[in-house]
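Please read the structure below before turning to the comments.
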Amino acid sequence: MPELPEVEVTRLGLRDALRGSRIDGVHQGKPLRWPLGCPPQQLHGERIDDVERRGKYLLLPLQHGELIVHLGMSGSLRWLAAGTAPPPGAHDHFALLTDRGELRMRDPRRFGAVVWHAARAAPHALLAALGPEPLGAGFDGAVLQRALRGRSAAVKTLLLDQRIVAGVGNIYACEALHRAGIDPRRAGGEISAARCARLAEALRATLSEAVAAGGSTLRDFAAADGAHGCFQHAARVYDRAGLPCPACGAAVLRITQGQRSTYFCAHCQRR
DNA sequence: AGGGTGACCTGTCGGC
DNA sequence: TGCCGACAGGTCACCC
């Protein structure tokens with residue numbers, strides 16, 4: 001599920017509840033992708049100072065170190081105010097019990113993780129190589145073109161590389177390329193400056209519209225309050241194979257790139 | 001170094 | 001109804 005918009009929607013839904021809360025306990029279910037990296041008791045008494053985001057990672061700065069959360073393919077976080085928490089379900093594999101309530105992570109496929117990192121001063125290895133934030137002030141066509149320079153792989157595949165730009169996943173890569181009118185099979189390094197500028201702007205517009213729509217819920221994404229996103233209804237090509245392109249009416253195509261589905265309109269998206 | 005593939009894990013859906 | 005394959009929002013380790 002979770003690309004940048006879903007993680008950002010989660011962050012916004014957790015911020016007020018978590019900021020300033022104190023961790024009193026930790027629940028761990030089945031193993032996630034990576035181990036926590038510290039004894040759970042070490043977190044007891046820690047105050048959560050804020051709720052931040054970098055790419056698809058959610059960051060919880062503590063008094064000592066930070067927690068780094070990734071939602072993988074199927075993860076979501078719920079905030080359960082004190083006294084309202086039902087017993088953990090089969091796929092609830094991690095929880096922080098705080099003085100105000102419970103932060104519960106559900107992740108059926110267990111591709112997600114919660115990792116403790118000691119020193120905020122030095123970025124964790126998971127974050128060190130991330131590319132620019134597409135919604136950040138410095139991101140534009142020139143930055144994107146520099147990152148794509150010399151690359152022969154398909155631009156769609158490169159957009160999924162978190163070192164090129166942080167936070168873009170399969171849905172929003174497809175949507176932004178359609179919006180920019182660029183063929184997803186085009187080699188990244190061959191895209192002109194003008195088209196890189198259009199692509200950078202399309203990424204910004206697509207991602208910010210998705211945040212405003214509460215993200216996309218394909219199967220199991222929910223915000224911290226349990227609400228589903230509705231951007232999937234606004235998608236122009238993603239998961240719409242055979243349906244008409246909203247811009248020209250031609251049938252949307254589905255191809256496979258790097259073992260992932262790509263949806264695009266061969267009429268609107270030119271090499 | 002960059003590009004391509006398999007692996008991780010569980011659930012759901014369509015076809016026979 | 002049941003079984004089986006394809007597919008799903010991600011990314012890492014490994015091969016050439």
Side-chain angles (χ1 to χ4, degrees), chain A residues 1-11 29-35 53-58 68-77 89-94 105-115 124-131 134 146-177 184-190 203 206-207 209-211 213-223 228-235 237-242 254-263:
Chain A
M1 116 204 158
E3 305 182 34
L4 183 155
E6 291 73 34
V7 179
E8 180 66 9
V9 165
T10 299
R11 184 184 78 84
K30 287 190 187 177
L32 294 168
R33 175 164 195 160
W34 297 300
R53 181 188 59 73
R54 178 77 174 96
K56 300 174 189 173
Y57 292 93
L58 200 69
I68 301 172
V69 181
H70 196 286
L71 297 175
M73 285 282 258
S74 59
S76 59
L77 292 169
H91 301 302
D92 295 334
H93 297 305
F94 187 88
M105 180 172 175
R106 179 188 139 85
D107 187 2
R109 293 177 73 181
R110 294 190 283 126
F111 287 170
V114 180
V115 174
H124 191 279
L126 289 169
L127 309 177
L130 289 178
R146 209 172 308 135
L148 296 175
R149 188 166 54 200
R151 303 293 296 264
S152 62
V155 59
K156 156 65 168 21
T157 304
L158 293 171
L159 286 178
L160 298 183
D161 183 340
Q162 302 300 292
R163 296 169 296 190
I164 302 282
V165 51
V168 178
N170 208 32
I171 298 177
Y172 302 108
C174 292
E175 291 299 307
L177 285 165
R185 298 165 293 189
R186 183 80 190 250
E190 290 175 0
L203 284 164
T206 304
L207 294 169
E209 284 174 21
V211 172
S216 296
T217 298
L218 297 191
R219 26 183 24 93
D220 45 17
F221 173 71
H228 287 179
C230 56
F231 187 83
Q232 68 278 9
H233 303 303
V237 288
Y238 184 81
D239 203 20
R240 289 177 48 83
R254 181 175 89 82
I255 61 173
T256 299
Q257 295 181 290
Q259 309 178 53
R260 313 289 307 273
S261 288
T262 296
Y263 299 89

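Computed from a predicted structure; not experimentally measured. The basis for the numbers below is simple: all heavy atoms, side chains too, and nothing from hydrogens, waters or symmetry mates.
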Check whether the side chains of A:T262 and A:Q257 place a donor and an acceptor atom closer than 3.5 Å, and report yes or no.
yes
[N] [atom2] sits how many Å from [X] [atom1], rounded?
| X | N | atom1 | atom2 | result |
| --- | --- | --- | --- | --- |
| A:R260 | B:dC8 | CZ | C1' | 14 Å |
| A:H124 | C:dT11 | NE2 | P | 15 Å |
| A:D92 | B:dT10 | CG | C1' | 14 Å |
| A:D107 | B:dC9 | CG | C1' | 9 Å |
| A:W34 | C:dA13 | CH2 | C1' | 12 Å |
| A:I68 | C:dT11 | CD1 | P | 14 Å |
| A:R109 | C:dC7 | CZ | P | 13 Å |
| A:L218 | C:dC7 | CG | P | 16 Å |

If you measure from CG on A:L4 to CZ on A:R11, what distance do you get to the nearest 0.5 Å?
10.0 Å
Nearest heavy-atom neighbours spanning [X] and [Y]:
| X | Y | answer |
| --- | --- | --- |
| A:R254 | A:S261 | NH1-OG, 2.5 Å |
| A:L71 | A:D107 | O-OD2, 4.1 Å |
| A:E3 | A:N170 | OE2-N, 3.3 Å |
| A:L32 | A:A113 | CB-CA, 4.1 Å |

Is the phosphate of [N], meaning OP1 or OP2, less than 4.0 Å from a side-chain N or O of [X]?
| X | N | value |
| --- | --- | --- |
| A:H70 | C:dT11 | yes |
| A:Y172 | C:dG10 | no |
| A:H93 | B:dC9 | no |
| A:K56 | C:dT11 | yes |

Determine whether the aromatic ring of A:F111 stacks with the base of B:dC8, defined as ring centroids separated by less than 5.5 Å and ring planes inclined by less than 30°.
yes
Describe the nucleic acid contact of A:Y238 in one word from base, sugar-phosphate, nothing, applying a heavy-atom distance below 4.0 Å.
sugar-phosphate
Under 4.0 Å, counting only non-hydrogen atoms across every strand here, what does A:R254 touch: a base, just sugar-phosphate, or nothing?
sugar-phosphate
Candidates B:dT10, C:dA8, C:dT11 - which lies nearest the side chain of A:R219
C:dA8
Can you tell me, in whole Å, how much space there is between the [atom1] of [N] and that of [M]?
| N | M | atom1 | value |
| --- | --- | --- | --- |
| C:dC12 | B:dG11 | C1' | 23 Å |
| B:dA1 | C:dT11 | P | 22 Å |
| C:dC3 | B:dC9 | P | 24 Å |

Between the base of B:dC9 and the side chain of A:R110, is there a donor and acceptor pair under 3.5 angstrom?
no
Going 5' to 3' through nucleotides 2-7 of chain B, assign each nucleotide B (protein heavy atom under 4.0 Å from a base atom), S (under 4.0 Å only from sugar-phosphate atoms) or - (no protein heavy atom that close).
SS-BB-
Below 4.5 Å, heavy atoms only, C-beta onward: do A:L58 and A:I68 meet side chain to side chain?
no
Treat a base pair as Watson-Crick or G-U wobble with both distances under 3.5 Å, then lay out DNA chain B in dot-bracket form, 5' to 3', with | for cross-strand pairs.
.|||||||.|||||||
If the plane angle is over 60° it's perpendicular, under 30° parallel, otherwise tilted; pick one for A:Y172 and A:F231.
tilted
Under a 3.5 Å distance rule, please check whether A:H228 uses its side chain to pair with a backbone N or O of A:A222 as donor and acceptor.
no
Can any side-chain N or O of A:E8 pair as donor or acceptor with the backbone N or O of A:G215 at less than 3.5 Å?
no
